[in-house]
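The sequence lines fix the lettering, A, B, ..., with proteins before strands; numbering per chain opens at 1. Heavy atoms only: backbone and side chains are in, while hydrogens, waters and symmetry mates are out.
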2 protein chains.
Amino acid sequence: MMENSKEVTIYDIAQRLDLSPSTVSKALNDDPTISKKTRKRITETAAGMGYRSNFFAKNLRQQSTLTIGVIVHELNSGFTTPVLSGIEGAASEGGYGMIVADSAGSREKEVDNARSFFQRRVDGVIAVPGAGSLEHFRPFTDRGVPLVFLDRADSFAGSTSVVADNVACGMMATLHLIEQGCRRIVHLTPGAGDNVYGQRYEGYWKALARKKIAAEKSLLIIAEPTEEASEAAARKILALTPVPDAVFAANDMAAAVCIRVFQERGLRVPQDIAVVGFGNEIIGKLMRPTLTTINYPAKEMGDTAARILINHLQGNGEIDKVTTTSMRAELVVRQSSLRKG
Amino acid sequence: MMENSKEVTIYDIAQRLDLSPSTVSKALNDDPTISKKTRKRITETAAGMGYRSNFFAKNLRQQSTLTIGVIVHELNSGFTTPVLSGIEGAASEGGYGMIVADSAGSREKEVDNARSFFQRRVDGVIAVPGAGSLEHFRPFTDRGVPLVFLDRADSFAGSTSVVADNVACGMMATLHLIEQGCRRIVHLTPGAGDNVYGQRYEGYWKALARKKIAAEKSLLIIAEPTEEASEAAARKILALTPVPDAVFAANDMAAAVCIRVFQERGLRVPQDIAVVGFGNEIIGKLMRPTLTTINYPAKEMGDTAARILINHLQGNGEIDKVTTTSMRAELVVRQSSLRKG
DNA sequence: ATGAAAGCGCTAACAG
DNA sequence: CTGTTAGCGCTTTCAT
């Protein structure tokens with residue numbers, strides 16, 4: 001095993017070429033005050049000697065880590081994956097590394113992760129927080145470390161948010177169903193609290209209100225986004241009287257399960273009951289009928305959040321001016337809701 | 001905006017308490033030679049002053065970054081997500097951060113990412129490489145930076161691999177179909193080269209050989225894992241004469257598309273044609289018939305890779321002894337293949 | 001039990 | 001165009 005044959009430093013290079021370390025440093029950083037010729041000599045011997053700059057010595061001087069920290073409340077999810085992909089793309093393009101911490105649904109871990117990133121001195125933070133207070137992020141804002149929240153729009157001390165317009169999403173889906181002639185529209189959601197789900201629900205009833213349709217409390221059905229709970233919810237929906245003529249589900253999996261249960265009970269989708277999902281998961285294209293759904297711009301949100309952060313870090317200080325960036329989602333109309341034309 | 005009100009250093013703490021910086025340093029690192037009383041005084045004022053240790057000064061001294069680099073060839077994928085989740089869990093448990101770089105299918109980016117991590121001096125690397133040479137990882141092995149490959153078993157200079165036993169997977173799936181009475185079994189795969197797909201194919205024909213069934217070349221169908229290509233492949237399968245009585249697809253999406261096409265053509269699954277997928281994606285539980293598939297232990301693989309790496313970094317040098325860790329995958333039998341009992 | 005001093009590798013004034 | 005010098009904040013002998 002070839003072991004660490006000792007790291008090469010700029011001193012080694014300087015000695016070898018009979019130059020000073022600072023000359024070497026400048027040359028390696030493309031300082032224009034170094035003659036082309038020496039610069040070339042230096043870069044070449046550096047490469048030859050297997051030199052790599054010491055990231056930490058550099059950071060120690062420059063007080064910057066070229067690293068952005070990403071805290072997600074659930075890494076293993078269909079939303080988080082494209083978000084990370086979007087962030088990574090923009091970050092690496094801007095010369096930043098992305099360090100990821102997963103809170104795995106635990107608030108305690110989220111607090112820990114914030115602390116850990118603070119210690120690590122990331123240059124900026126993007127967080128997809130779970131529910132609850134955001135106070136554990138205060139050290140960042142206090143120290144001027146820029147902070148962007150994703151998918152959560154609470155205003156929080158000097159921070160910025162990137163969200164999809166969930167109210168608009170809910171409205172779009174519901175209006176579409178109304179246009180298709182539906183009147184008794186169920187909203188199936190994991191919860192209608194103070195978060196994206198609540199906003200989708202708000203969009204739902206705003207759409208009903210606009211069309212002068214009374215919102216019935218019994219048409220709001222709460223169910224965890226698991227297969228079992230969704231099945232139970234579907235049965236609950238069929239037990240309502242009169243039977244609803246549409247379901248707007250807050251995620252595609254729940255919508256798919258509902259459709260299956262409806263079909264097994266002999267109902268036709270969309271003729272007897274129309275269904276709209278949320279999230280544009282791959283399953284929506286594979287099932288029959290294909291699923292009408294909201295295309296949630298997760299990757300674009302990640303990309304945007306990273307760009308805002310990096311622009312700010314590079315001194316194009318958007319972050320102080322923009323408070324919330326709302327990304328446009330779109331309705332993807334497929335078979336499960338099309339009752340006309 | 002509260003701006004950087006100047007970072008607190010151990011010197012500030014020392015001055016405030018009329019102690020020396022080294023005492024403060026030791027106290028903060030729980031050095032037992034510092035009396036309990038002073039230690040307490042120090043930790044308390046440190047907290048009070050909002051001190052955070054300077055990660056970089058620390059690293060500069062200790063020549064370690066407490067960071068492991070993860071290079072994936074495709075971040076936005078159903079395999080990578082649980083892998084990252086597994087790595088993150090083990091890493092954070094061991095006190096390490098995880099920095100992620102996505103090669104997004106580009107070899108060039110993969111090479112860049114390797115270089116970038118080398119510069120950043122990650123303590124260790126986990127790579128899920130694409131196809132092709134692994135030479136760009138040589139700097140790590142040369143410098144004694146431990147390196148673990150995931151889902152790819154090439155032996156490479158002093159590195160270690162964590163894989164699922166893909167040959168066994170292919171064999172398991174195929175034997176199961178044979179036991180169900182199938183004889184003309186198609187293997188549908190994105191390619192049977194020198195990678196996991198090739199190994200699954202190897203398992204397929206080994207199973208056939210063991211059962212004395214002739215492997216026909218026409219039963220190997222190559223198709224990209226997209227919806228369109230899978231549909232075309234399904235039609236191709238139905239055009240074979242005699243029509244096959246089973247399909248073993250190398251991913252669940254392709255299997256789902258096949259089943260849909262078969263059903264649309266009036267075939268019954270599994271009675272007329274049985275189908276086994278690969279990957280245990282969520283869709284397999286939602287569709288009808290439910291999909292028999294291989295449960296690929298992605299998260300466990302990530303977890304294992306990270307543990308091996310971290311054990312090594314902490315001096316429990318497994319990495320030199322273990323060359324390849326093969327994780328057990330399992331067959332999940334559901335409706336799409338069950339023709340007996 | 002505490003302190004003094006050296007140095008990790010690099011950069012940025014400033015001087016030549 | 002190149003060199004000198006002085007730290008960045010921390011840890012770690014070695015003294016006391």
(request) Keeping the roles fixed (side chain from Asn29(B), backbone from Ser25(B)), state whether a donor-acceptor pair exists under 3.5 Å. (result) yes
(request) Could you pull out all residues at least two apart from Glu135(B) that satisfy side chain to side chain donor-acceptor pair (under 3.5 Å)? (result) Arg138(B)
Output a table of nitrogen or oxygen pairs between the protein and nucleotides 4-8 of chain D separated by less than 3.5 Å.
residue: dT4(D); atom: O4; partner: Ser22(A); partner atom: OG; Å: 3.1
residue: dG7(D); atom: N2; partner: Arg61(A); partner atom: NE; Å: 3.4
residue: dG7(D); atom: N2; partner: Arg61(A); partner atom: NH1; Å: 2.6
residue: dC8(D); atom: O3'; partner: Gln63(A); partner atom: NE2; Å: 3.4

(message) Suppose we screen for side chain to side chain donor-acceptor pair (under 3.5 Å). Which residues come up paired with Arg115(B), at least two apart in sequence or across chains?
(response) Asp112(B)
Do any side-chain atoms of residues 122-132 of chain A form donor-acceptor pairs under 3.5 angstrom with protein atoms, and if so which ones, sequence neighbours left out?
residue: Asp123(A); atom: OD1; partner: Thr65(A); partner atom: N; Å: 2.9
residue: Asp123(A); atom: OD1; partner: Thr65(A); partner atom: OG1; Å: 3.1
residue: Asp123(A); atom: OD2; partner: Thr65(A); partner atom: N; Å: 3.3
residue: Asp123(A); atom: OD2; partner: Leu66(A); partner atom: N; Å: 2.9

(request) Could you tell me whether Tyr51(A) contacts a base, only the sugar-phosphate backbone, or nothing, with contacts defined as non-hydrogen atoms closer than 4.0 Å? (result) sugar-phosphate
Donor-acceptor pairs under 3.5 Å, side chain of residues 87-101 of chain B to any protein atom, not counting sequence neighbours: which ones?
residue: Glu88(B); atom: OE2; partner: Asp102(A); partner atom: N; Å: 3.0
residue: Ser92(B); atom: OG; partner: Lys109(A); partner atom: NZ; Å: 3.3

(message) Could you work out how much the helix from dA1(C)-dT16(D) to dG16(C)-dC1(D) bends, comparing the axis of its first five pairs with that of its last five, to 10°?
(response) 30°
(request) Kindly give the heavy-atom pair with the smallest separation between Ser103(B) and Asn113(B), and that separation in Å. (result) OG-ND2, 3.5 Å
(message) Please report the distance, rounded to the nearest Å, between CD in Gln62(B) and P in dT13(D).
(response) 12 Å
(request) Name the nucleic acid region contacted by Asn29(A), choosing base, sugar-phosphate or nothing; use a 4.0 angstrom heavy-atom cut-off, strictly under. (result) sugar-phosphate
(message) Return whichever of Lys58(A) or Ile34(B) has its heavy-atom-nearest nucleotide of DNA chain C closer to the 5' end.
(response) Ile34(B)
(message) Tell me whether Arg143(B) forms a cation-pi arrangement with Phe118(B), defined as NZ or CZ under 6.0 Å from the six-membered ring centre and within 45 degrees of its axis.
(response) no
(request) Could you check which residues of residues 35-44 of chain B get a heavy atom under 4.0 Å from DNA chain C? Sort them by number, please. (result) Ser35(B), Thr38(B)
(request) Write out all pairs satisfying side-chain hydrogen bond (donor to acceptor under 3.5 Å, both in side chains) with one or both partners inside residues 31-44 of chain A, taking only residues at least two apart or from two chains. (result) Asp31(A)-Thr33(A), Ser35(A)-Thr38(A)
(request) Output every pair passing ring pair (Phe, Tyr, Trp, His ring centres under 6.0 Å) with a member in residues 27-83 of chain A, not counting sequence neighbours, ordered by first then second residue. (result) Phe56(A)-Phe56(B), Phe79(A)-Tyr296(A)
(message) In this structure, how many angstroms lie between the P atom of dT11(D) and the CG atom of Leu66(B), rounded?
(response) 12 Å
(request) Extract, from 5' to 3' on DNA chain C, the first and final nucleotides lying under 4.0 angstrom from some heavy atom of chain B. (result) dA1(C) to dG9(C)
(request) Sort and list the pairs that fulfil side-chain hydrogen bond (donor to acceptor under 3.5 Å, both in side chains) and have at least one residue in residues 124-133 of chain B, not counting sequence neighbours. (result) none
(request) Indicate yes or no for a side-chain donor-acceptor contact from Asn311(B) to the backbone of Ile308(B) under 3.5 Å, with no hydrogens or angles considered. (result) no
(message) Going by the rule side chain to side chain donor-acceptor pair (under 3.5 Å), which residues pair with Thr304(A) if we only count those two or more places apart in sequence or in a different chain?
(response) none
(message) What is the separation between atom CG on Leu28(B) and atom P on dT12(D), rounded to the nearest whole Å?
(response) 13 Å
(request) Taking all non-hydrogen atoms of both residues into account, name the closest pair between Glu7(B) and Asp12(B) and its distance. (result) O-OD2, 3.7 Å
